[in-house]
Structures are given as structure tokens and as C-alpha cells.
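Since the model is a prediction, treat every value here as computed from it, not as a measurement. Order of appearance sets the numbers: ligands from 1, and atoms from 1 within every ligand. Positions are given from 1, in the same order as the sequence printed here.
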Amino acid sequence: MTEPTSHETILINPATGHEFIRVPHRSIDDTNQVIAESVRAGVSWRALSAAERGRLLARFARAIAADREHLATLTMTEAGHPITAARAEADQVRDVFAYFAGAPERHLGTQIPVAGGTAITFREPLGAVGIIAPWNFPLPIAAWGTAPALAAGNTVVLKPAELTPLGALRLEHLASEAGLPDGVFRVVTGSGAVLGDHLARHPDVAKIIFTGSTATGARVLAAAAEHIKPVTLELGGHNASIVFSDANLAAAAAATPSGALDNAGQDCCARSRVYVQRPVFERFVDLLIPAMDALRVGDPLDPRTQLGPLISAAHRNRVAALVTNDIPVVYRGQVPQDSGFWFPPTVLAPPPHHPILDAEVFGPVFSLLPFDTEDEVIERVNNTPYGLAGSIWTRDGARGLRMARALHVGNLSINSQTAVRYQTPFGGMKHSGLGRELGPDALDAVTEVKTVFISHDGPHPSTQRNEEL
Ligand code: TXE
């Protein structure tokens, strides 16, 4: 294996540790050209009727559905996801495009009663939207930004993560096959520090939608500030699941492994801190261990596999460094002993204030933490810079809502560990992000409001001027 140049990324299958392809990086000049084409394509894309834009996006959704197996195989190979999970991700991409295909005809402005006439508002596209995507869910997260942006009449330049460009390139191909006009949806492959930064600073990129780490998100925000560019940031999380004594413990314990460990824990919504009320702590652990034992870890090609490898050797080392020897281990599973980037599913019982409780681990690791009172757990869960997702397990409906209102978190589930639905807004509070993706809010984030006042005045003067500010 020869050393990579700075103009390419060597892709390594995370399950085997073997190189399988090299992907060239786009140059800055190339990228400028793509941005210029994207801006030009926007003129006719936004001029299409809403119905026609919707029809084209619906065709794109059908092309994605027809390509499901290919897309899933790319995700499995470049990101190491088990094939069943990778298929579900391809299905989610299809659903997101199908949902937003209905949006162009339904994204309505308003009419506001004012003196002397009528005020109406239009939601107008911003222009060429830059999307910077991460490697953890390469296709779904690219779709969350792309589908609403295109539906609203914007064009898109997508920069996938260095380690996972293949799915994005395949989407670009499918868009063209589905009949999206040239330049409407483009992909540029390359390094974040070079091309991602370039998109964030470029005067002709009208908006950035970024998903990744909080540190990089802050850099993107600063770069975008140069041109007062709006930014949506979906950043890290360090989420909690809170299990009260009155919860359905069997259901909570059964859901805990997938809530914390899906995608090998490389999920900004992973519930990596599990707080269990003290009277049921031991009972919860007894129920959890068999659920952990039942996890199927290993070959991503096996449709029964639930847990695959981590994305890279470097990331595995980062996770391993956080799991320090001083933390009591409640559970440690088995992983294949081969050259892939495996890390065993691990349950820890760290003392309060241990550093692992401050970091986004992003690996198949979670912590069990006993608590006593509602107020105490609210304080402990909120005591992190993050605020993305979380779960509350209780049979007391009032407590569930009281807790949900008290937690500084963007997405909560009561008696469930799921967070993301394409119909509902998704995003974080505090250092977990800025703005929302998915659901109706996603369209507002890729448009701006124009207000038009239409005077009712005929040839006679009106009272209108008196009401002006
Ligand atoms: O993220 P980066 P990394 C968290 C998770 C993980 C950590 C580091 O904790 O361990 O971040 O992952 C592009 N200007 N999450 O280093 O650097 C980069 O090319 C513009 C949480 O992979 O944030 C990639 O496309 N763009 C998470 C994207 O940013 C830049 C998902 C994300 O990379 C850039 C992933 C720059 N200066 C990691 N530098 C989530 N929120 O789900 C890099 N990029």
C-alpha cells in the first residue's frame, strides 16, 4: 500500500481494515467551478413550478428506492454499518426525499391584515446551499439537508466526510438519472479543512448546513460570518436516558442497548449516560445484562448483525483512550479478533464527575449512574455543554412532561429511545447546535421571508401613512 497524497483519501473497509479504493480530492478551482454552476442552475430551478420541482424530487425518491441495495452496500463498505442498518438508512433517505417532494406546493407564505392594504409574505430560496456532512450517517444526514433545500428552490453543493464519499457520489448520479437539471445537486469530495472551509467562506454559497463536532462547527460559524451567511449546525451530544422506579423496567432495559449502541455508538443521539433511580438500580442491571448478551456483533454482511466496527483506527484509539482503567466495568462484550476497527460493547459504572461523563464518547460504550430524586437528576443531566437528545422512562405522565420541560435538550422521547423522524424538527440546544432540520422547520431554515405590502388605495388618500412606524 503506497502512502496517500494530499489529493486523495484512501478508503479502508472498517470491518476488515483493508484498503478498497482511493477517492481524489477536488481542487479549489474545481470547487469554484461547481459553485458557479450551482448558482447558474438555481436560476431555472427556482423558476420551475412548485409542482414540477415536486415531481422531480419524487422521481429522485423513486430512484433511491430502486437503488436501495447498492446504496446500502456502499454504506456498509465505507462506514462499516451492518447491512440491515444500512438498508434502513437507504430507506430513510428515500422517505426524506418523498416527504419533501410534497413540500414545494405546500410551503406557504402568509397574509397579514394591515391598514390601507394587504401584506403578504413569500418564502424565497436562498441560492446555492453548501452542505458539510459527517461520516457517521453519511447518506441520511446528507439527505436531511439536501431534500428541503432543493424543495424550496435552492441548489446544493454537498461535501461528504473524507471517509465516506461514495454514497454521496452515488446520490449525485441518481439525481441526474432521475432528471434533476445539471448543477442542481453537486458533490465535491475533499478535506474539511480545505474544501469545507472554502464552502463556508465562499461569497456565492448562500447558506451552510453542517453536521459534525462542536469544535469544527464553531470554526464553520466563524468562517460563515465573513459574509453574514446563515448556518444550521447539528453538533455533538452527550445524551441521557433517565429510568425512574415506576418505569416499565423490562421495556427500558430492552431498549437501552440499541439507544446507546446503535451504529456502534457513533450517533449524536446515543444515550451514553443511563441514570437509573436507586431503588431499581440492581433490578435494572439484572435485566440489562441479558439484553447486552443478545446483541449480535460482527460480520456486517450478516443481516442479523446489530453492531459493527468503528469508522477508523484513529477513532477506535480515541474511544479506547476515554475508557480509562480506573472505571469499574459492568459489562464487556466480544468482538471479532481480526484487523477491523472493533471495540467491544461496554457498560461502565463511573464515579460521579469522572471525565468520561464530560466527553462525547461516540463509541459502543455507556455509563450506568444511580440517582435519587427528580431535581437531582435534572441538575446532573443538564450539567453538560450539550443538549441534543434524551429519554425519560416513567409510567407517570405528569412526571414525564415535567421532566421533558426541565431538560435543556432539543429532542426527547418518553418511554422510547428514538429521536429522529423526518416529519418532526430535529436539532440541539446549547453546544449541540443551531437551528433545526427535518419536519416543516427545515424549509424555513433554507428560505428567507420577503414581505410585500399591496396598497388598497385607489385615487383617494388613505389612513395608511398614519400607521407607518
Ligand atoms: O468531525 P468533524 P470528525 C463528533 C464525534 C466525533 C468527533 C470528531 O464526537 O468523535 O466529532 O469527528 C468537515 N471547515 N461528531 O473529526 O471534523 C469534515 O470534512 C469546514 C459528531 O470527523 O466535525 C466532515 O465533512 N468543514 C457528529 C465534517 O466537517 C470541516 C458527526 C465533520 O467533521 C472543517 C461526526 C472545517 N475547518 C462527528 N474541518 C454528529 N453531530 O452527529 C472538518 N470539516
Discussion item. Looking at non-hydrogen atoms alone, which of Glu162, Arg201, Arg219, Glu360 comes nearest to atom 4 (C) of ligand 1?
Written reply: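 Result: the heavy atom closest to atom 4 (C) of ligand 1 is in Glu360.
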Item to complete: Would you mind listing which atoms of ligand 1 come within a distance below 4.0 Å of any non-hydrogen atom of Lys159?
Response: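 Every atom of ligand 1 under 4.0 Å from some heavy atom of Lys159: 19 (O), 25 (O).
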Fill in: Neighbour count above 12 (heavy atom, 6.0 Å) for Gln33 CD
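Counting other residues, nucleotides and ligands, CD of Gln33 stays at 12 neighbours or fewer.
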Worksheet item: In terms of heavy-atom contacts, does CG of Asp293 have more than 12 from other residues, nucleotides or ligands at under 6.0 Å?
Response: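 More than 12 within 6.0 Å, yes.
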Answer with side chain, backbone, both or neither: which part of [X] has a heavy atom less than 4.0 angstrom from an atom of ligand 1?
X      : answer
Gln266 : neither
Ala193 : backbone
Ala133 : backbone
Ile132 : side chain
Phe137 : neither

Ligand 1 to [X] polar contact by distance, N or O atoms, under 3.5 Å:
X      : result
Thr216 : yes
Phe210 : no
Ser213 : yes
Leu235 : yes
Gly190 : no

Worksheet item: Hey, is atom 25 (O) of ligand 1 under 4.0 Å from any protein heavy atom?
Response: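 When distances to the protein are checked, atom 25 (O) of ligand 1 has a heavy atom within 4.0 Å.
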Worksheet entry | atom 33 (O) of ligand 1: any protein heavy atom closer than 4.0 Å |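 Given the 4.0 Å limit, the answer for atom 33 (O) of ligand 1 is no, no protein heavy atom qualifies.
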Protein heavy atom at shortest distance from [atom]:
atom                    : value
atom 35 (C) of ligand 1 : Pro134 CB, 3.6 Å
atom 36 (C) of ligand 1 : Gly192 O, 3.4 Å
atom 40 (C) of ligand 1 : Cys268 CB, 3.6 Å
atom 3 (P) of ligand 1  : Trp135 NE1, 3.8 Å
atom 38 (C) of ligand 1 : Phe362 CE2, 3.9 Å

Examine distances only and state if a side-chain atom of [X] and a backbone atom of [Y] form a donor-acceptor pair shorter than 3.5 Å.
X      : Y      : answer
Ser38  : Val34  : no
Gln266 : Ile311 : yes
Thr305 : Leu301 : no
Lys159 : Thr189 : no

Should [X] and [Y] count as an ion pair when the cut-off is N to O under 4.0 Å?
X      : Y      : answer
Lys229 : Glu226 : no
Arg123 : Asp444 : yes
Arg87  : Glu69  : yes

Worksheet item: Are a donor atom and an acceptor atom from the side chains of Arg26 and Thr31 found within less than 3.5 Å of each other?
Response: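 Checked: Arg26/Thr31 side chains show no N/O donor-acceptor pair below 3.5 Å.
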